[in-house]
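Every chain is numbered from 1 and lettered A, B, ... according to where its sequence line falls, protein lines coming before strand lines. Note that the structure is predicted; figures quoted are calculated from it, not measured.
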Amino acid sequence: MALQIYNVLGREKQPFVPVQEGKINMYVCGPTVQDYAHIGHAKTYVSFDVVVRYLRYSGYDVLYVQNITDVGHLLDTGEDRILKKARQAASSPMQIAEYYTRKYFEAMDALGIQRPDISPRASGHIPEQIALIEQLIHKGHAYEVNGSVYFDVRSYPEYGKLSNRKLDEQEAGTREDVRDEKRHPADFALWKKAEPEHILRWESPWGVGFPGWHIECSAMAAKYLGETFDIHGGGVDNIFPHNESEIAQSECVHDAPFANYWMLVGSLMVPDAEGIPVKMSKSLGNFVTVTDALEKYRPEVIRTLILSGHYRSPLIYSDSDDPEQESSLRSAKNGWERLMGAVWLTRDAMAAAPEGDDGNGILAALSTARTRFEEAMDDDFNAPSALAALYELTREVNTLLNSGTTVGKNVLMAIDNTYRKLGGEVLGIVPDKMLGGTNADREAALIRMLVDMRSEARTSKNYAVSDRIRQQLAELGIALEDRPDGSTIWRVS
RNA sequence: GGCGACGUGGCCAAGUGGCAAGGCAAGGCUCUGCAAAAGCCUGAUCGUGGGUUCAAUUCCCACCGUCGCCUCCA
């Protein structure tokens, strides 16, 4: 089956047809770098990471652009967020933005998210934004008032087509101070005049000021991907006004469709005091940073959790050390460990396996798994269904490898390759190696040595020694498992 | 109030007009020096009430409930 994508523009699953055959231009709204990245960001960016990985796996040449918004947005009070933060920290705004930009990349890297091909900064594209605004004014879609420029929503009849909103049904804007300047309450700022105390400021044809929130995405998407590109992604919470306004600006400037397919990711939810799920967000203060989550769980586990739900659905994030309490993370961890158990078993067996095709009955299961996996992913990137294909394969692999029959090296390599491709390359939940770091090989050899010594102790029924080795390794996070054939495998727990 | 999404076994979660994937948890079993792991077995009238149909969890209507957006948010 060919790739189908649920297009928010039209609200239906559609066959995917790129502008240029074999090539995909894709833009995803990035973060505003004004605080640490939390698990909510992780959900969105892991989801698109897997989308990009799968598209590449499918043979597409993908150009993936994700912006960094570092010019700040307006607060209700009219105060710039980054500016406010800078004042608190007594640093310059760009210093704050740079700090959180670095932290953002660190967090995403740690989650195994492949970097976008281009991560353009809004602050580095002020001229492009000004150029767009000038064109909008020239074409009658925007107007200038007192050094600020607003988009005239009534000049664009399609305004609201993404979020299904009608102008006359919207509540009037609440920002009293700016409402007077607007011709229509739904008009939004393209350029804002900077008050004297506002440090983030740039020269423009309308005086000193700073760009509105939505224009940077229109400017950078057009610059790197062209007037019309294939996929635009982001979180659903930005469907209005942000995404809607991006479309309006871009289509009015270029007189061409902006993005052909809109993919919006469901929000990450966290139970409140009553156990009712609410969106994780900075303003509610109910967020868990990526860094904190990674202190307790491996990145692959967090990815597994995120992929256990469809990208469009909200996902409940919960964790508790109390075994009686629900923990979606613990669930994900246990499932992931079972899957990885099969992977380690396969790789471990490879070292001593005879050449040949013994046990090649599993090849049919590998083929089935791959087919089911691809069918799931082709169907609007149905990761939970794809994951299920991997879990079913895992049962068959475990059965084979625990059956005591000989399995040839070629067959083991085929199994490993399937996990590497689907679980590693596409989903990013199957690491290449058990251990990371520069001394990984040496460490593995040392562990192997202890395992061998323990085996000798067991053979001579010196269980006091063998159990002590196992116990002490366990305390270091290395779990040993004795196999029916007398061998022992180890893994990081 | 407007717009949108959703309600599937204890929890999470796919899915289809025709006997309801998968994961976690629980119980039983097999294997085992112990441990661990793995495998097998056990469970759902798919929110409620109508309607369409030979047949609905799947389509339509109503209702109840939950969440999101409408203000900064991925």
Got [X] and [Y] here, is their nearest side-chain heavy-atom distance under 4.5 Å?
X      : Y      : result
A/Q34  : A/K282 : yes
A/Q129 : A/W191 : no
A/M26  : A/F48  : yes

Exercise. Can you name the residues that form a ring pair (Phe, Tyr, Trp, His ring centres under 6.0 Å) with A/Y311, not counting sequence neighbours?
Worked result: none

Seminar exercise, completed: Sorted by chain and residue number, the ring pair (Phe, Tyr, Trp, His ring centres under 6.0 Å) partners of A/Y156 (sequence neighbours excluded) come out as none

Problem set entry | Contacts of A/K193 that satisfy salt bridge (charged side-chain N to carboxylate O under 4.0 Å, His left out) - sequence neighbours left out | none

For this session: Under 4.0 Å from any atom of RNA chain B, heavy atoms only: list the residues of residues 474-481 of chain A that qualify, in numerical order.
Result: A/L480, A/E481

Exercise. For residues 272-292 of chain A, which residues have at least one heavy atom under 4.0 Å from RNA chain B?
Worked result: A/I276, A/P277, A/V278, A/K279, A/M280, A/S281, A/K282, A/S283

Could you run down the sub-3.5 Å N/O contacts of the protein with nucleotides 22-24 of chain B?
residue: B/C24; atom: O3'; partner: A/N334; partner atom: ND2; Å: 3.3
residue: B/C24; atom: O2'; partner: A/S331; partner atom: OG; Å: 3.0

Exercise. Between A/S318 and B/C12, is there a side-chain N or O to OP1/OP2 distance below 4.0 Å?
Worked result: no

Problem set entry | Side-chain N,O (A/N402) to OP1/OP2 (B/A37) below 4.0 Å | no

Exercise. With respect to the side chain of A/T399, which nucleotide from B/G39, B/C3, B/A74 is positioned closest?
Worked result: B/G39

